[in-house]
**Student:** 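One structure follows; several queries about it will come next.
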Amino acid sequence: VVMMLACQRFVSVVRNSRTLSRHVTTWSPVGAAFNAQQRKVDLFQKNGLFGVPGLSTPAGFEVAQQRALRETEQLVETACNNPPGALTVETFDQLSDSLCKVADLADFVKVGHPDPAFRDAAEKACINIGTVVERLNTNVELCRSLKNLLDNKEVLDSLDPDTRRVAELFMFDFEISGIHLDESKRGKAVSLNVNLLDLNNEFLNGTHLPNRIEKTALPEHIRHCFSIDGNSIQIGGLHADSPDELVREAAYKIFLFPNSSLLLCLDDLLTCRNELAKLVGYESFAHRALNGTMAKTPETVMKFLELLTDKLSDRTAKDFNLMRDMKMKMNSRSTVLMPWDHSYFSSAVRAERYNIDPSLYSPYFSLGACMEGLNMLFSQLLGVSFQNEQPMAGEVWSEEVRKLAVVHETEGLLGYIYCDFFRRPDKPHQDCHFTIQGGRLKKDGEYQHPVVVLMLSLPPPTRSTPTLLNPGMMENLFHEMGHAMHSMLGRTRYQHVTGTRCSTDFAEVPSILMEFFATDYRVVNQFARHYQTGQPLPKSMVSRLCESKRICGAADTQLQVFYAALDQVYHGKPQNRSTTDILKKMQEKFYGLPYVPNTAWQLRFSHLIGYGAKYYSYLMSRAIASMVWRQCFQKDPFNRDMGERYRREMLAHGGSKEPMLMVEGKDTHYFSWPLPSSLSLGFLHYFSPISSFPRSPLLYIQVYFLTQLPKRKETDQGFHHDDNVDF
């Protein structure tokens with residue numbers, strides 16, 4: 001057993017012992033790796049990032065691009081000249097894999113590497129590879145080779161289901177890119193897509209930039225709460241949990257003050273997306289983006305959001321009244337509840353009712369303990385464990401990065417997770433999962449192991465204290481690890497559909513499901529122990545924490561409905577009014593707290609890039625995750641049979657199976673989701689008739705689960721409850 005702190009005295013203790021004369025904190029190798037300061041790693045040797053030869057310098061991205069382009073030319077020639085068959089699909093997947101290995105790696109490096117030269121080189125690589133992809137998506141000869149396969153019934157019938165679906169997905173990519181257009185219009189589509197690559201980068205970078213104000217513009221007694229740079233104060237966040245109302249108000253108004261160039265960028269981005277969608281034959285960008293998802297159409301999404309709003313309205317109003325009463329009770333300067341109050345006073349209500357103080361929980365949630373908990377859970381549920389590995393020289397971009405091998409008890413190595421968990425200058429304050437390399441079956445019969453990065457923004461450990469997580473941070477860790485395990489366990493033949501490469505409104509299901517495990521006492525009891533004494537977290541504290549989540553849960557969920565509705569309207573038919581005017585209207589209709597003049601929250605809505613027209617996915621996925629939890633794991637969160645079934649019938653397929661089949665049980669090989677007995681009798685009475693709502697029982701069921709089990713919200717830079725961004 002590896003000890004965490006050499007300076008402290010530790011003795012062995014038998015788990016669950018109730019009579020202790022001395023307490024102990026011992027850690028497994030995984031726990032110790034995350035609770036101790038990392039050994040120095042040589043970042044500048046010749047191995048290259050992620051062990052990729054040549055990526056030891058920024059110039060390596062140019063070499064990687066050229067190598068990928070040479071492979072692309074050869075594979076395009078192979079695809080176009082070979083007769084239609086399974087080899088056609090395999091060649092397309094090789095083509096996709098060759099380009100993704102550069103683009104995906106660069107997509108992480110451009111935001112996660114501390115060296116600006118690496119970030120710049122990676123961003124150029126993303127744009128260059130993206131341009132190649134768009135040209136390939138409008139390559140008529142390449143498309144014809146695939147169409148010849150799909151039009152040949154005899155050949156098509158000879159393909160296995162996964163190969164056939166991947167072929168159809170590649171054809172879908174051609175269609176939404178405008179392959180059916182004439183040469184001039186195809187060129188226009190490529191031009192629009194290339195322009196979008198630049199606009200996406202510009203907007204995404206802008207969402208994270210701080211705003212500055214003259215130091216004298218703020219009262220002297222609150223200046224120390226912000227970053228002071230000479231005669232200016234720099235504000236890079238909302239300070240939503242500050243107990244000082246003036247700090248919260250100042251941060252909100254300054255951080256969200258409109259940036260005219262970024263407003264123009266957003267206008268251009270939305271216009272360009274709409275023009276592209278119209279060019280390739282869709283009513284709007286939302287219609288294009290939702291084609292192929294579970295929701296199918298923006299009309300379905302809006303009905304879903306409207307129905308959810310209707311069912312939450314009374315409880316949302318009560319939640320805001322609770323916050324308002326708490327504000328009055330705390331003798332605030334104003335009794336009007338404002339957007340900068342939501343986070344602080346909802347937390348205050350929870351704290352008062354259930355004595356929820358994050359500082360009381362954090363000593364039990366050291367990062368090492370939480371990683372041990374995940375390790376034990378996956379071992380019992382799936383037969384999978386983590387093994388800490390020392391990176392090679394030059395393999396990682398920061399000495400604080402930990403590398404985990406994910407190993408199955410009988411199958412051996414499944415893949416690698418690079419854990420970039422700690423804060424550092426110029427690192428985005430967001431929690432993300434990045435695919436670096438997708439899994440696929442190679443020609444030689446070997447499996448190409450998936451490689452991912454999990455990026456969090458936690459305080460690093462010190463010599464005397466490990467990193468301590470509050471309950472929200474712990475849930476976020478479980479959430480992101482759900483994405484990582486989806487990538488590890490998605491053992492698909494083709495990398496085009498590996499792991500999280502599935503419908504966006506299904507991709508969040510495994511990660512949100514992990515939040516249910518994170519708040520179940522039976523799970524938490526396995527790992528939550530005081531980092532100094534070894535005492536387990538008392539059951540009463542876990543119970544209070546779980547119960548407190550219901551307080552103001554409706555308002556939190558309604559906030560997510562507002563985000564999702566705003567996203568839909570931005571990507572619907574053009575409104576001929578400013579994005580801020582649209583924000584005002586949607587905030588009034590779907591949120592309830594007043595718009596603050598001279599603010600532009602939409603400029604901090606970074607999800608508009610990766611989740612354009614798909615932000616609703618968090619809500620839909622939460623409902624499905626709730627269904628899975630109740631059906632499979634609520635009775636026993638360690639049930640190995642259910643864990644194996646969950647892997648076999650959901651995680652293993654990545655995007656190679658229709659998610660709706662798994663959710664609705666249309667195929668006997670997938671889960672079947674009967675209604676719970678409490679719902680089956682009163683289900684029709686629960687919902688008022690809405691004749692225009694799509695005839696999909698699933699959507700009604702999703703609304704039921706969301707309104708019965710309000711949970712932790714996803715966050716963005718805005719009306720949020722913690723400083724992290726969930727992707």
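Residue numbers count from 1 along this sequence.
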**Student:** If you take all heavy atoms of M392 and G51, which pair is closest and at what distance?
**Tutor:**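 Heavy atoms of M392 and G51 come nearest at CE-CA, 4.1 Å.
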**Student:** Could you go step by step and tell me if Y615 and F605 meet the ring-ring contact (aromatic ring centres under 6.0 Å, His included) rule?
**Tutor:** CA-CA 10 Å; Y615 192 85; F605 195 7; 5.4 Å; yes
**Student:** Would K442 and Y447 count as a cation-pi pair here, with the cationic atom under 6.0 angstrom from the ring centre and within 45° of the axis?
**Tutor:**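 Verdict for Y447: no cation-pi partner in K442.
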**Student:** Do you see a donor-acceptor pair shorter than 3.5 Å between the side chains of D556 and H342?
**Tutor:** yes
**Student:** For E389 and R402, what are the C-alpha separation, side-chain angles and deciding distance, and is it a salt bridge (charged side-chain N to carboxylate O under 4.0 Å, His left out)?
**Tutor:** CA-CA 8 Å; E389 288 198 0; R402 273 65 162 173; over 6 Å; no
**Student:** Yes or no on side chain to side chain contact (heavy atoms under 4.5 Å, CB included) for V452 and H433, after CA distance, side-chain angles and deciding distance?
**Tutor:** CA-CA 7 Å; V452 305; H433 163 274; 3.6 Å; yes
**Student:** Can you tell whether the side chains of D636 and R640 come within less than 4.0 Å, N to carboxylate O?
**Tutor:** no
**Student:** Between the side chains of E649 and K657, is the shortest nitrogen-to-carboxylate-oxygen separation below 4.0 Å, so that they form an ion pair?
**Tutor:**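 Salt bridge flag = no for E649 with K657.
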**Student:** Working note: H429 + H208, criterion side chain to side chain contact (heavy atoms under 4.5 Å, CB included); need CA distance, chi angles, decisive distance, verdict.
**Tutor:** CA-CA 8 Å; H429 293 285; H208 302 302; over 6 Å; no
**Student:** According to the salt bridge (Lys or Arg N to Asp or Glu O under 4.0 Å) rule, which pairs have a member within residues 482-495, sequence neighbours left out?
**Tutor:** E90-R493, D160-R493
**Student:** Compare every heavy atom of L360 with every heavy atom of M541, then report the nearest pair and how far apart it is.
**Tutor:** CE-O, 3.7 Å
**Student:** Is D319 paired with R350 through a side-chain N to carboxylate O contact shorter than 4.0 Å?
**Tutor:** no
**Student:** Does this structure show an ion pair linking K403 with E395, if we count only N-O contacts that are shorter than 4.0 Å?
**Tutor:** yes
**Student:** Does H653 offer a backbone N or O that forms a donor-acceptor pair with the side chain of S656 under 3.5 Å?
**Tutor:**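 Yes; judged by distance alone, with no hydrogens or angles, the pair exists.
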**Student:** Looking at side-chain heavy atoms only, is the closest gap between M455 and D431 below 4.5 Å?
**Tutor:**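 The answer is no; the side chains never approach within 4.5 Å.
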**Student:** Just how far is it from atom CD of E409 to atom OG of S385, taken to the nearest 0.5 Å?
**Tutor:** 8.5 Å
**Student:** Salt-bridged, E400 to R423, with N to O below 4.0 Å?
**Tutor:**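 Answer for the salt bridge query: no.
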**Student:** Measuring only between side-chain heavy atoms, which start at C-beta, is M514 closer than 4.5 Å to L374?
**Tutor:** yes
**Student:** Using the test side chain to side chain contact (heavy atoms under 4.5 Å, CB included), find all partners of P358 that sit at least two apart in sequence or belong to another chain.
**Tutor:** N470, P471
**Student:** Output all residues satisfying side chain to side chain donor-acceptor pair (under 3.5 Å) with Y364, sequence neighbours left out; order by chain, then residue number.
**Tutor:** none
**Student:** Is any NZ, NE, NH1 or NH2 atom of the basic residue among D115 and R119 found under 4.0 Å from an Asp or Glu carboxylate oxygen of the other?
**Tutor:**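 No salt bridge links D115 with R119.
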**Student:** Who pairs with E352 by side chain to side chain donor-acceptor pair (under 3.5 Å), at least two apart in sequence or on another chain?
**Tutor:** K329
**Student:** Please assess D97 against K101 for the test salt bridge (charged side-chain N to carboxylate O under 4.0 Å, His left out), listing each intermediate value before the final yes or no.
**Tutor:** CA-CA 6 Å; D97 184 55; K101 279 181 179 176; 3.4 Å; yes
**Student:** Just so I know, are the side chains of F50 and Y418 near enough to count as touching, which here means a heavy-atom distance under 4.5 Å?
**Tutor:**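 Yes; the side chains approach each other to less than 4.5 Å.
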**Student:** Quick check on the 6.0 Å ring-centre criterion: do Y616 and Y611 meet it?
**Tutor:**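 Judged by ring-centre distance (under 6.0 Å), Y616 and Y611 do not meet the cut-off.
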**Student:** Look only at the side chain of T465 and the backbone of P461, and say whether a donor-acceptor pair between them is shorter than 3.5 Å.
**Tutor:** no
**Student:** When you check the gap from the basic side-chain N to the acidic O, do K549 and E475 get nearer than 4.0 Å?
**Tutor:**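 Salt bridge present between K549 and E475.
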**Student:** Looking at every heavy atom in both G654 and C502, which two are closest together, and how far apart are they?
**Tutor:** O-CB, 3.6 Å
**Student:** Could you walk me through whether T498 and H496 pass the side chain to side chain donor-acceptor pair (under 3.5 Å) test, one step at a time?
**Tutor:** CA-CA 6 Å; T498 186; H496 191 64; over 6 Å; no
**Student:** Sequence neighbours excluded, which residues qualify as side chain to side chain donor-acceptor pair (under 3.5 Å) partners of Y494?
**Tutor:** T163
**Student:** Got a sec: does the CZ of R648 have more than 12 other heavy atoms crowding it under 6.0 Å?
**Tutor:** yes
**Student:** Are F516 and H479 close enough that their ring centres sit under 6.0 Å apart?
**Tutor:** no
**Student:** Are L651 and M485 packed together at the side-chain level, in the sense that at least one heavy-atom pair is separated by less than 4.5 angstrom?
**Tutor:**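 No, every pair of side-chain atoms sits at 4.5 Å or beyond.
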**Student:** Apply side chain to side chain contact (heavy atoms under 4.5 Å, CB included) to I417 and F386, showing your working.
**Tutor:** CA-CA 9 Å; I417 302 173; F386 298 145; 4.3 Å; yes
**Student:** Residues two or more places apart in sequence or in another chain: which of them pass side chain to side chain contact (heavy atoms under 4.5 Å, CB included) with D107?
**Tutor:** K110, C126
**Student:** Less than 4.5 Å apart, side chain to side chain, heavy atoms only: is that true for Y531 and L468?
**Tutor:** yes
**Student:** Sub-3.5 Å donor-acceptor pair from the side chain of N35 to the main-chain atoms of P466, do we have one?
**Tutor:** no
**Student:** Do Y521 and L537 come within less than 4.5 Å of each other through their side chains, counting heavy atoms only?
**Tutor:**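 SC-SC contact between Y521 and L537 ruled out.
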**Student:** Looking at every heavy atom in both T500 and S487, which two are closest together, and how far apart are they?
**Tutor:**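 So the minimum-distance heavy-atom pair works out to CG2-OG, 3.9 Å.
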**Student:** Show your reasoning for whether side chain to side chain donor-acceptor pair (under 3.5 Å) applies to Q526 and Q380.
**Tutor:** CA-CA 11 Å; Q526 283 208 336; Q380 294 175 73; 2.8 Å; yes
**Student:** Look only at the side chain of S347 and the backbone of S343, and say whether a donor-acceptor pair between them is shorter than 3.5 Å.
**Tutor:** yes
**Student:** Show the numbers, then the answer: is there a side chain to side chain contact (heavy atoms under 4.5 Å, CB included) between M371 and S366?
**Tutor:** CA-CA 9 Å; M371 292 302 295; S366 69; over 6 Å; no
**Student:** What are the two closest heavy atoms between R248 and S242, and how far apart are they?
**Tutor:** NH1-O, 2.8 Å
**Student:** Measuring centre to centre across the rings, with the benzene-like ring taken for any Trp, is F421 within less than 6.0 Å of F34?
**Tutor:**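 Yes.
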**Student:** Hey, is the main chain of V406 close enough, under 3.5 Å, to the side chain of Q387 for a donor-acceptor pair?
**Tutor:**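 Answer holds: no.
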**Student:** What are the two closest heavy atoms between N525 and P536, and how far apart are they?
**Tutor:** OD1-CB, 4.4 Å
**Student:** So, do V384 and V407 sit near enough that their side-chain heavy atoms are less than 4.5 Å apart?
**Tutor:**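 Heavy-atom side-chain distance check fails, nothing below 4.5 Å.
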**Student:** From the options K614, R622, H483, M620, select the one residue that forms a side-chain contact (heavy atoms from CB on, under 4.5 Å) with E508.
**Tutor:**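 Among K614, R622, H483, M620, the one that satisfies the side-chain contact (heavy atoms from CB on, under 4.5 Å) with E508 is H483.
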**Student:** Under the criterion ring pair (Phe, Tyr, Trp, His ring centres under 6.0 Å), which of W397, F118, F108 is the partner of H113?
**Tutor:** F118
**Student:** Decide side chain to side chain donor-acceptor pair (under 3.5 Å) for H239 and Y344; before the verdict, give the C-alpha distance in whole Å, the side-chain angles of both, and the deciding distance to 0.1 Å.
**Tutor:** CA-CA 10 Å; H239 294 254; Y344 180 74; over 6 Å; no
**Student:** Does a side-chain heavy-atom distance below 4.5 Å link V453 with I436?
**Tutor:**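 Yes, their side chains come closer than 4.5 Å.
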**Student:** Consider ring pair (Phe, Tyr, Trp, His ring centres under 6.0 Å). Of F378, W629, Y646, which one does F517 pass it with?
**Tutor:** W629
